[in-house]
K.L.:
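My questions will all concern the structure given below.
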Amino acid sequence: MDRTVARILKVNHAGEYGAIRIYRAQIGVAALRCPDLRPFLIETLGHEQSHLGRFAVLMPARGARPCGALWLWGAGGTALGLVTGLLGRRAVLICTEAVERTVNRHLEDQLIFLGERDPELSTAIAEIQAQELGHLEHAVSGRGAKRAEERALDALVAAVVEVLIWLSTQGDSARMARELRRSPAHDASCKSAPV
Ligand SMILES: [Fe+2]
Ligand SMILES: [Fe+2]
């Protein structure tokens, strides 16, 4: 349990670090390719920076240390941000959608796993998740129907994020998801979750 809580914090902190790099890179090129998205990207970057700070504050008391592969999250985030930013508006929104959808699923798993065990952490995750859902909704509503190549881009971005999460939690994220799928709490939560 304690080891898993520490890994939850470690990967969430690393994920926010990567998200900051994505949005920073996109803001850098958005001026050329999609200036209308800049206000959204700047606001979202501010959210991700505050998420990073919240997780960082919660880490020491739970024995969590920053991920040793933080550089990989940074490099991956910058690469995703630059490539999608250069591809233009739709690619930026599809990247946002894929990242935020993947993050949200993991935060949902974490909240169910934590239950009543750590109310302070659960509250922080739930508040952060609400903002991540806002990013997801903005991306989905702004992109329109996806073409085949855009579905491939979505799947690629989501796969990159999943691999980084798996590596950073040393498989805990997958174990947690498997356990949760088998637990009654997850069934109840799935039934009550909005579609
Ligand atoms: Fe975030
Ligand atoms: Fe986000």
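Atoms within each ligand, like the ligands themselves, are counted from 1 in listed order.
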K.L.:
Using only N, O or S atoms, tell me which atom of Glu100 is closest to the Fe ion (ligand 2).
P.N.:
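Answer by atom name: OE2.
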K.L.:
Only one of Glu108, Glu100, Gln110 clears side-chain hydrogen bond (donor to acceptor under 3.5 Å, both in side chains) with Gln129; which?
P.N.:
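Per the side-chain hydrogen bond (donor to acceptor under 3.5 Å, both in side chains) rule, the option paired with Gln129 is Glu108, out of Glu108, Glu100, Gln110.
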K.L.:
Out of the N/O/S atoms in Glu132, what is the name of the one closest to the Fe ion (ligand 2)?
P.N.:
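Closest N, O or S atom of Glu132 to the Fe ion (ligand 2): OE1.
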K.L.:
I need the Gln26 CD to Thr78 OG1 distance, nearest 0.5 Å.
P.N.:
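Reported value, rounded in 0.5 Å steps: 10.5 Å.
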K.L.:
Going hydrophobic residue to hydrophobic residue with side-chain gaps under 4.5 angstrom, can you get from Ile42 over to Ile20?
P.N.:
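Ile42 and Ile20: one cluster.
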K.L.:
Out of the N/O/S atoms in His51, what is the name of the one closest to the Fe ion (ligand 1)?
P.N.:
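The nearest such atom is ND1.
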K.L.:
Taking the Fe ion (ligand 1) as the vertex, measure the angle between atom OE1 in Glu16 and atom OE1 in Glu48; round to 10°.
P.N.:
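With the Fe ion (ligand 1) as the vertex, the angle is close to 90°.
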K.L.:
Got a salt bridge between Glu127 and Arg54, using NZ or NE/NH1/NH2 to carboxylate O under 4.0 Å?
P.N.:
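Salt bridge: yes.
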K.L.:
Please determine whether His47 has a backbone or side-chain N, O or S atom lying under 2.8 Å from the Fe ion (ligand 2).
P.N.:
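Checking His47: none of its N, O or S atoms is under 2.8 Å.
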K.L.:
Looking only at N, O or S atoms in His135, which is nearest to the Fe ion (ligand 2)?
P.N.:
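Per the distance ranking, His135 contributes ND1 as its closest N/O/S atom to the Fe ion (ligand 2).
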K.L.:
Pairing donors with acceptors under 3.5 angstrom, does anything connect the side chains of Thr102 and Glu162?
P.N.:
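No.
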